[in-house]
Amino acid sequence: MAYVAGRAPPIGGTSSIPPPRAVPYTAPSSLRSPDPLITEEAPKMDIVNQLVATGQFTIIKQPLGFIKILQWFFAIFAFSTCGSYSGVFRMSVECKNRTESDLDIEVEFAYPFRLHQVWFDVPTCKGPEPERLFLEGDYSSSAEFFVTIGVFSFLYSMAALSVYIFLLEKYREGNRGAQADFVMTTLFTFFWLVSSSAWAKGLSDVKKATDPDQVINLISACDREENRCREVHEPVVSGLNTSVAFGFCNLVLWGGNLWFVFKETGWLGAFAGTYAPSGEKQPAPDSYGQQGYGQDPYAGSQGGYQPDYGQQGGGYEGGSYNQGAALHRPQGHGICVTKECRA
């Protein structure tokens, strides 16, 4: 029997112990290299945590911050309901010659409502060739102005809310931030009034221009009695009605917020004569320190009434005080209580 060098000979001629297996070495978690993704995300999380820690989120519970959140949401609803709108209406033209009829004329229109560029084909009831017609009116100016004010209101509300949360001290320092905020709030209030009113008028014109009964009047084939024209489906404009409602809601929010921003400007106190700039620190009241309340202010170290009981032991003699017992005249106060100083 042959034996392998370096191993003990088996007992009894055979060995039942399997050879040792190699165990892979696993480094402890403290010695492993960090995950590169985690390493890259760590600084970002630190910045977020610092911003959250320094933010003053209690301003959201106050009218100044809470109304700004409402303005942010209502601005989104206003410009999204108007800017994302698309509508369609259908008509039918039934000619005397049924082969020339078109019972499903579909007309699509959308924001920004340049209706004079919207075309559709209708039968002439005089032959197979259709007639191309265009809608009437261009209402893009009022619609685009309304959407623009909504977008800028959304951006300004988000920026102002960020300042309220993270830079409130700078906002109130010298009241310059509050004064600029008041001016911008006034401008947006005026713009919401103008844009909402203009878009409400523009929407009424859009409804009239896209009314199938009005569009049928543009079709020459419908002027003849032997042809029959009617509307199949009118456009749904509930989304546009909602946009106008949100526009006037924004007007109320921005107008109501004027008062709360005005109180931050300090102008109210200036008109009343009690305004003091927030950047200047008011003098602190006099501290009583070591003297305490109720002490004589003249009992300090620089003079005052301090009888000396420890020198010369003079007393009362013959109805008068001797020189040793005379009261010391306090320096700097001009108080005389002895006969010598009176003379």
Acceptor/donor pairs from residues 127-137 side chains to any protein atom, 3.5 angstrom cut, sequence neighbours excluded:
| unit_1 | atom_1 | unit_2 | atom_2 | d |
| --- | --- | --- | --- | --- |
| Glu131 | OE1 | Ser220 | OG | 3.2 |
| Arg132 | NE | Asp121 | OD1 | 3.1 |

| said: Using a 3.5 Å distance criterion without hydrogens, assess whether the side chain of Ser196 forms a donor-acceptor pair with backbone atoms of Gly247. | reply: yes
| field | Least distance between heavy atoms, Thr265 atom then Asn175 atom | value | O-CB, 3.2 Å
| task | Return the minimal non-hydrogen interatomic distance between Gly65 and Leu161, and the atom names on each side. | result | O-CD1, 3.8 Å
| request: Spell out, as yes or no, whether a donor-acceptor pair under 3.5 Å connects the side chain of Asp138 to the backbone of Ser140. | output: yes
Pairs under 3.5 angstrom only: tabulate donor-acceptor contacts from the side chains of residues 105-115 to other protein residues two or more places apart or in another chain.
| unit_1 | atom_1 | unit_2 | atom_2 | d |
| --- | --- | --- | --- | --- |
| Glu106 | OE1 | Arg90 | NE | 3.2 |
| Glu106 | OE1 | Arg90 | NH2 | 2.9 |
| Arg114 | NH2 | Glu144 | OE2 | 3.1 |

| note | Applied to residues 128-167, the disulfide (SG to SG under 2.5 Å) test, sequence neighbours excluded, yields none
| Arg176 CZ: over 12 foreign heavy atoms closer than 6.0 Å | no
| Hey, any chance Val118 and Leu218 share a hydrophobic cluster, counting ILVMFWY side chains that come within less than 4.5 Å of each other, even indirectly? | yes
| More than 12 heavy atoms of other groups within 6.0 Å of Phe248 CZ | yes
| message | Please determine whether residues Leu155 and Ile76 belong to a single hydrophobic cluster, defined as Ile, Leu, Val, Met, Phe, Trp and Tyr linked transitively by side-chain heavy-atom distances below 4.5 Å. | response | yes
| query | Are Val88 and Val93 connected, step by step, through hydrophobic side chains (Ile, Leu, Val, Met, Phe, Trp, Tyr) whose heavy atoms are closer than 4.5 Å? | reply | no
| task | For the residue pair Ile69 and Ile60, establish whether any side-chain heavy-atom pair is separated by less than 4.5 Å. | result | yes
| task | May I ask you to test the Tyr164-Gln62 pair for a side-chain heavy-atom distance under 4.5 Å? | result | no
| query | In Å, rounded to the nearest 0.5 Å, how long is the span from CH2 of Trp199 to CG of Leu203? | reply | 5.0 Å
| remark: Interatomic distance, OH@Tyr139 vs OG@Ser142, rounded to 0.5 Å, equals 9.5 Å
| query | Does CD belonging to Glu234 count more than 12 external heavy atoms closer than 6.0 Å? | reply | no
| task | Kindly work out whether a path of hydrophobic side-chain contacts (I/L/V/M/F/W/Y, heavy atoms less than 4.5 Å apart) joins Trp259 to Met184. | result | yes
Cut-off 3.5 Å, no hydrogens considered: what does the side-chain donor-acceptor table look like for residues 186-195, sequence neighbours left out?
| unit_1 | atom_1 | unit_2 | atom_2 | d |
| --- | --- | --- | --- | --- |
| Thr186 | OG1 | Phe182 | O | 2.8 |
| Thr189 | OG1 | Thr185 | O | 2.7 |
| Thr189 | OG1 | Trp254 | O | 3.2 |
| Trp192 | NE1 | Ser153 | OG | 3.0 |
| Ser195 | OG | Phe191 | O | 2.8 |
| Ser195 | OG | Trp192 | O | 3.4 |

| said: Could you tell me if the side chain of Met158 sits less than 4.5 Å from the side chain of Gln71, heavy atoms only? | reply: no
| Any disulfide (SG to SG under 2.5 Å) pairs touching residues 168-222, not counting sequence neighbours? | Cys222-Cys229
| request: Quick one: pull up CG in Asp104 and CG in Asp102 and give me the separation to the nearest 0.5 Å. | output: 7.0 Å
| Less than 6.0 Å separating the ring centroids of Trp72 and Phe154? | yes
| query | Which heavy atom of Leu103 sits nearest a heavy atom of Val232, and at what distance? | reply | O-CG2, 4.2 Å
| field | disulfide (SG to SG under 2.5 Å): pairs with one or both residues in residues 124-181, sequence neighbours excluded | value | Cys95-Cys125
| task | Verify, without hydrogens or angle tests, whether Asp181 (side chain) and Ala160 (backbone) share a donor-acceptor contact under 3.5 angstrom. | result | no
| request: Taking the side chain as every heavy atom from C-beta outward, state whether Gln179 and Phe262 have any atom pair closer than 4.5 Å. | output: no
| field | Over all atoms of both residues, closest heavy-atom pair of Glu264 and Phe260 | value | CG-O, 3.6 Å
| message | Give me the atom names and distance for the closest heavy-atom approach of Glu231 to Ile216. | response | N-CD1, 3.9 Å
| task | Apply side chain to side chain donor-acceptor pair (under 3.5 Å) to the pair Asn241 and Lys207, showing each step before the final yes or no. | result | CA-CA 10 Å; Asn241 294 332; Lys207 291 179 180 179; 2.8 Å; yes
| task | First locate atom NZ of Lys126, then atom NZ of Lys96, and finally report the distance between them rounded to the nearest 0.5 Å. | result | 14.0 Å
| request: Taking the side chain as every heavy atom from C-beta outward, state whether Phe77 and Thr242 have any atom pair closer than 4.5 Å. | output: no
| message | Nearest 0.5 Å, please: how far is CG in Leu70 from CG in Asn257? | response | 9.5 Å
| task | Working to the nearest 0.5 Å, report the span between CG of Asn227 and CD of Glu94. | result | 9.0 Å
| said: Are more than 12 heavy atoms, taken from residues, nucleotides or ligands other than Glu225, located less than 6.0 Å from that residue's CD atom? | reply: no
| query | Val215 versus Phe89: any side-chain heavy-atom pair under 4.5 Å? | reply | yes
| query | Are Asp205 and Lys201 ion-paired here, with the side-chain N under 4.0 Å from a carboxylate O? | reply | yes
| Do Leu258 and Tyr156 share a hydrophobic cluster, counting only Ile, Leu, Val, Met, Phe, Trp and Tyr and linking them when any side-chain heavy atoms are less than 4.5 Å apart? | yes
| Closest non-hydrogen atom pair, Ala178 against Val261 | O-CG1, 3.8 Å
| query | Is there a side-chain contact between Ile149 and Phe146, using heavy atoms and a 4.5 Å cut-off? | reply | no
